[in-house]
Amino acid sequence: MVESNEKYKILVMAIFLAGACYLTYYFHVVVETDTVFTHFFYIPIILASMWWRRKGLAVAIFLAVFLIFSHFFIRPNVETINDLIRAPMFIAVALVTAILSERIAKVEELKAKETQLIHAGRLSSLGEMATAIAHEINQPLSVISMAAESTLRDVEKKRVDVSALPKDLEDIMRNVKRIDRIITHMRTFARKTEEKRVVKPEEVLNNAFSLLDEQFRVHGISVSRKIEENLPLIEVDPNQLEQVFINILTNARQVLDERGEEAKREGKSFQKQLGCNISRQNNKIVFEFADNAYGVPDELKTRVFEPFFTTKESSEGTGLGLSIAYGIVTRSLGGKIWIEDNAAGGASFMVALTIGNRK
Ligand code: ADP
């Protein structure tokens, strides 16, 4: 395909060059006029530089030399320097075209490379995820197997210490729950089927709260919601977006509880607060979840979105919540998710989705 394309280009170029030679012969020798015919030369010159870049300069040089040759040898008596000026013009135009084509080609190459890199990045994050899951599940599995094995050995040797049984069984149950939590999270992460619908932005937020309102109330967290009026609709898989909000809100609840406990230990008063805002910013709908706990240090602002990154006790956190949120927002919904510091001294989790997004 490429080769036949190249042959076709050479053929077209040969026809143009033959035409250029014929025109030169016709006007210089047959008609003997100074009619400007060299404008036609720019077609093969520009084409050659676009097709073959700097190598294409050969065509310009050929035509330039040919023109000067015909000027001196066929019509030596005519006093015109036009042809002499045109010759370097050919080369200049060819050079500029070649350089521009090279630049354009480079930009395209870079774009292709970038796409490749993003793709490779995704693959490697999948690979990393698989390795990390193996590691994460291995740990609770070995606790379970050790507890089960030692109990079995005791039973076999008929020296069962009944008082130790509840602890062993609790260990087993706790670790089974941990594996269950990891798998439940993974299911959301791996879910491919997307059912996109056009929805009101606040509808998804309200749905998330219908599951969490009671929890926030019980935990003494005061929630305020500020929703801009007449927000445009967004096209999303509402279940997935709800999952994102639930993950962010659950983290906020946990971190607010932690801050509350700390204040209590220090005998200080602390009002746990959570602000949820939805606003329109240019062509985006921006959701903000602002807590007044500790905030996220700058060096962790992107790391917290990595799979299995957690600062919590292993029985409390899997480190998957935000990486799932990240995957859904950036990959499935084509949006952005990031963290900002807020005036209340806590973290603001931001989710921006393009209006009318049909990705
Ligand atoms: P997990 O909650 O299981 O640790 P996540 O991926 O949901 O996993 O969160 C990763 C980490 O991000 C948490 O361990 C915590 O350090 C940090 N984080 C999440 N939300 C907040 C928040 N609102 N304020 C401060 N840190 C947070």
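Both counts, for ligands and for their atoms, begin at 1 and track the order of listing.
- Heavy-atom proximity to L320, at under 4.0 Å, picks out these atoms of ligand 1: 6 (O), 8 (O).
- E242 and N207 get closest at one heavy-atom pair: OE1-CB, 3.4 Å.
- The T310 neighbourhood of ligand 1 comprises atoms 1 (P), 4 (O), 14 (O), with distances under 4.0 Å to a heavy atom of that residue.
- Aromatic pair Y42/F90: centroids less than 6.0 angstrom apart.
- Ligand 1 has at least one atom lying under 4.0 Å from a heavy atom of V255.
- When I339, L274, D291 are ranked by how near their heavy atoms come to atom 23 (N) of ligand 1, first place goes to D291.
- Near F349, with a cut-off below 4.0 Å to any heavy atom, the atoms of ligand 1 are 19 (C), 20 (N), 21 (C), 22 (C), 23 (N).
- Using a 4.0 Å heavy-atom cutoff, Y294 is absent from the residues neighbouring ligand 1.
- Under a 4.0 angstrom heavy-atom cut-off, G295 registers as being in contact with ligand 1.
- Ring centroids of F41 and F16 are separated by 6.0 Å or more, keeping the two rings apart.
- Using a non-hydrogen distance threshold of 4.0 Å, G319 registers as a contact of ligand 1.
- Judged by the 6.0 Å distance and 45° axis criteria, R253 is not positioned over the aromatic ring of F216.
- Residue F289 places every heavy atom at 4.0 Å or more from ligand 1.
- Listed by number with element, the atoms of ligand 1 under 4.0 Å from a non-hydrogen atom of T311 are 13 (C), 14 (O), 15 (C), 16 (O).
- Within a 6.0 Å sphere centred on CE of M89, other residues, nucleotides and ligands contribute 12 heavy atoms or fewer.
- An N or O contact shorter than 3.5 Å links L322 to ligand 1 by distance.
- K336 NZ: 12 or fewer foreign heavy atoms inside a 6.0 Å radius.
- Of all atoms in ligand 1, numbered sequentially from 1 with element shown, those under 4.0 Å from a heavy atom of N251 are 2 (O), 5 (P), 7 (O), 9 (O), 19 (C), 20 (N).
- Between the K301 side chain and the V296 main chain, a donor and an acceptor come within less than 3.5 Å of each other.
- Counting non-hydrogen atoms of neighbouring residues, nucleotides and ligands closer than 6.0 angstrom, the CZ atom of R225 exceeds 12 such neighbours.
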